[in-house]
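The structure appears below as structure tokens.
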Amino acid sequence: MSGHRRKSPYLAQGAEDEPLFGFRPRKVTGRQVRKALEHNINPFTKVPHTPRYHEMLEARRKLPVYDQMDEFYKIFNKNQIIIIAGETGAGKTTQIPQLVAYADLPHVNGKLVACTQPRRVAAMSLAKRVADEMDVQLGRHVGYSIRFEDMTEPGTTFLKYMTDGILLREATSDPTLDRYSTIILDEAHERTLATDILMGLLKLLAKKRSDLKIIIMSATLDARKFRNYFGIKKGSSVPLFKVSGRAHPVEVFYTQEPEPDYVEAAIRTVLMVHRAEDPGDVLLFLTGEEEIEEVCKKIKLEVDDLVNQDPDSVGPIVCVPLYASLGPQQQQRIFDPPPKPQRPNGPPGRKVVVSTNIAETSLTIDGIVYVIDPGFWRVSVYNPRLRIESLLVCPISKASAQQRAGRAGRTRPGKCFRLYTEKDFMSELEEQTHPEILRSNLATTVLGMVKAGVRDLVKFDYVDSPAPETLMRALELLNNLAALDDDGNLTPLGSVMAEFPLDPQLSKMLIASPEFRCSNEILTITAMLSVSNVWLLPSNQRREADAAKALVTVPDGDHLTLLNVYNSYIRNKHDEKWARNNFLSARALAEAENVREQLQRIMERYELELTSIADEKMMYNAIRKALCCGFFMQVAHRVGDQGNYLTVKDNQVVSLHPSCGLHPQPEWVIFNEFVLTTRPFIRTVTGVQPKWLLELAHVYFDLATFGDGETKTALKRVLNEKVGTSGRVKRLNKGMKKQC
DNA sequence: GAGCACTGC
């Protein structure tokens, strides 16, 4: 605590009219802070407060947290780690960080108070809101930090909202997180991968840094779990501070019998609500784009029918689809008012938002009075045995059902119709959603943890431990890529790889690319592979979309096609219209450009040379060699003449995904993804020469590790030809830092 | 001849 013993300069000056007169770091009381809040002078800018400040303060006084200020400071001053529980609407996310700032006085001691959020928009809008409340300019005393945008001013910013991913990234390169006096992890109940790892790292760090305070904020249901997790400490327990919420009551209804078809039941329930319930908008949760568009059409048809039959009792309806890939602009439609009655004094119109899980956490829609919850979501699940991630439709958890129901009570008392029985709710649904760490491929996470100094990944104190098999898969991949040596230690190569916000295969390929003189091209391909799908395939224009795609396809490989698409986008001056005409997503391409710039900066920092090859044929070969350096574990060998492939080592029979543009089909291919949908497919595929694999990944392609079969025979044939490896590639494969 | 829930660096 020695760093905080310093007296406040206001105290030193003895100026009793200073707003922070008498404040001592972490010894402040609610009474002192309330007085400072009422003061005419802004303590942080020393400028008189604007009238707007006082207006906002008036509203803040009505928040439940405001009344609990004394209690908060009593707990905060005494404890290093605190759990804060409270439902939405209590004001904890906006107020607690400010209260902490008054206690820590980070503007005096040169430190920062950080508050993490799982989503960028939340970090941005909260920072804006809090800057307004504190009467300071956004980006100066109060700022935010998200990917691609750092709205902070070093030396001035003392309260920073940020995404959990950014803080995790900072923690991997500076494990002491010395810049921060207090770290607040908000929305911890969402159990994002980044927040989970941060909880583990902060629990360790708390022992080393007694001056660091940690606050975990979560929904009430999960608070006990965190308290147990952080509370296992001799003779002390971590205190729980409860903030009361202010939501309206929501009446919950269940079906009498299980519904065999939730889509049909959902449509029926929407019509029932529309005919029988008072005015008020409806929110229906479904699982995906296709389902949502189809249901919107059906509801519209049915209601139009009803209106025609009985225009005196049924009002018009508007169905608004909502899912992430719609993009922010089209998503705005959810805020449109409901339709007007068809004639004066006719029955009122109603808005029905049909949404994926995005409306459960990421977007809130005011005015929703009725929620229809079929009880499912689509979730990605990682299977470490097969090394694939697949999307499955799964039942939601009780916590999730409660969150969905709560969406009906934001503006006034509401109703929630659950399309399952109460018995199923009680006995079939899990209490909590499985945290992300139990469902994800952990390769990048593990690399970051090792870089952060975690010695034993298996014994690490996780809130929930991932499957040992998942950790083994991650360690195996990182070892094969030479990011970790055989003892699990970080190699110099792994250390540089960890600096890139990428899958390890991609960072390895990128770092290897200057060796093949095509790092500019690999940079582009890497960026394209790390953004969402750039191809638009509207179902009513499939032929046109396919034709447009054929024009940019490079028959040697989908990776080369991606490069071609990106370069065309740049040549066409980032034109959105051009993108749309060519059935490409301008949003995804713009994102790729952003990612590319970020990756380029990291390459420059590590003096990784940026080079290109002019001759197209030579360039394509160089790119395919660089691909081999990162993706040699994702190789397949053609079997038979039906277009089937066998994955190397795992021996899975796979087909080329129909989106694949390879022609003709090469004997050996490298693939970016293995997806299991109607059948096992490999997606984004490029042909390679087997001798490259033997040259560039000779350890992995040691024939002694192969079972007998067609693949081995084919590789043996290649081995008889002369194969050599350059010294630099050898060093890279041993995890040596590349000399540039 | 298929389909991408949702975040994040």
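Letters A, B, ... mirror the listed sequences (proteins, then strands); counts begin at 1.
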With sequence neighbours excluded, give me every side-chain hydrogen bond (donor to acceptor under 3.5 Å, both in side chains) pair touching residues 321-331 of chain A. A/Glu289-A/Ser325, A/Glu293-A/Tyr323
If the condition is ring-ring contact (aromatic ring centres under 6.0 Å, His included), which residues does A/Tyr262 pass it with, not counting sequence neighbours? A/Phe376
Given B/dC9, B/dG8, B/dC4, the nucleotide with the shortest approach to the side chain of A/Ile166: B/dC9
The side chain of A/Asp546 is closest to which nucleotide in this list: B/dA2, B/dG8, B/dC9? B/dA2
So, with a heavy-atom separation below 4.0 Å from DNA chain B, the residues of residues 390-399 of chain A are A/Leu391
Side chain to side chain contact (heavy atoms under 4.5 Å, CB included) filter on A/Pro384, not counting sequence neighbours, yields A/Tyr382, A/Glu469, A/Thr470, A/Arg473
Residue whose closest nucleotide on DNA chain B lies nearer the 5' end, A/Asn357 versus A/Thr678: A/Thr678
A/Arg129 atom CZ, over 12 foreign heavy atoms within 6.0 Å: no
Where each residue is assigned the nucleotide of DNA chain B containing its nearest heavy atom, which of A/Arg147 and A/Trp377 is assigned the position nearer the 5′ end? A/Trp377
So what does A/Arg542 touch, heavy atoms closer than 4.0 Å: a base, only the sugar-phosphate, or nothing? base
Mind checking A/Arg683 for me? I need base, sugar-phosphate or nothing, with any heavy atom below 4.0 Å counting as a touch. base
Classify the angle between the aromatic ring planes of A/His559 and A/Phe631 as parallel (below 30°), tilted (30 to 60°) or perpendicular (above 60°). tilted
Do any side-chain nitrogens or oxygens of A/Thr163 fall under 4.0 Å of OP1 or OP2 in B/dC9? yes
Using heavy atoms and a sub-4.0 Å distance, could you list which residues of residues 581-592 of chain A are near DNA chain B? By number, please. none
In whole angstrom, what separates A/Phe376's CZ from B/dA5's P? 16 Å
Can you figure out which of B/dA5, B/dT7, B/dA2 approaches the side chain of A/Ile358 most closely? B/dT7
How would you label the contact of A/Ala194 with the nucleic acid (heavy atoms, under 4.0 Å): base, sugar-phosphate, or nothing? nothing
If you check every side-chain atom of A/Ala324, which of B/dC9, B/dC4, B/dT7 has the closest atom? B/dT7
Tell me, please, which residues at least two apart from A/Glu294 pass side chain to side chain contact (heavy atoms under 4.5 Å, CB included). A/Lys298
Could you list the residues that satisfy salt bridge (charged side-chain N to carboxylate O under 4.0 Å, His left out) with A/Asp373, not counting sequence neighbours? A/Arg404
Write down the distance between CD (A/Glu436) and C1' (B/dG8), rounded to a whole number of angstrom. 8 Å
Using a heavy-atom cut-off of 4.0 Å across all strands, would you classify A/Phe681 as base, sugar-phosphate, or nothing? sugar-phosphate
Atom NE2 of A/His434 and atom P of B/dC6 are separated, to the nearest Å, by 21 Å
Classify A/Ser380 by what it touches in the nucleic acid, base, sugar-phosphate, or nothing, heavy-atom distance under 4.0 Å. base
According to salt bridge (charged side-chain N to carboxylate O under 4.0 Å, His left out), who are the partners of A/Glu290, at least two apart in sequence or on a separate chain? none
Using a 4.0 Å heavy-atom cut-off across all strands, classify A/Thr356 as base, sugar-phosphate, or nothing. sugar-phosphate
Can you tell me the distance, in whole Å, between the CZ atom of A/Arg378 and the P atom of B/dC4? 7 Å
Please collect all salt bridge (Lys or Arg N to Asp or Glu O under 4.0 Å) contacts where either partner lies in residues 428-444 of chain A, sequence neighbours excluded, each pair once. A/Lys398-A/Glu431
Find the distance A/Arg169:CZ to B/dG8:C1' and express it as a whole number of Å. 10 Å
Just to be sure I understand the rule, does A/Glu289 reach a base, reach only the sugar-phosphate, or reach nothing, if contact means heavy atoms closer than 4.0 Å? sugar-phosphate
Rounding to a whole Å, what distance do you find between A/Glu499:CD and B/dC9:C1'? 11 Å
Between atom CD1 in A/Ile388 and atom P in B/dC4, what is the gap in whole Å? 13 Å
Round to a whole Å and report the spacing from CG of A/Asn672 to C1' of B/dC4. 14 Å
Checking B/dG8, B/dA2, B/dC6 against the side chain of A/Arg120 (C-beta onward), the nearest is B/dG8
Could you tell me whether A/Phe500 contacts a base, only the sugar-phosphate backbone, or nothing, with contacts defined as non-hydrogen atoms closer than 4.0 Å? nothing
A/Ile184 and A/Pro97 have their tightest heavy-atom pair at CD1-CA, 3.7 Å
Crowded around A/Arg605 CZ? As in, over 12 foreign heavy atoms under 6.0 Å? yes
From the set B/dC6, B/dG1, B/dC9, return the single nucleotide nearest to any side-chain atom of A/Pro658. B/dG1
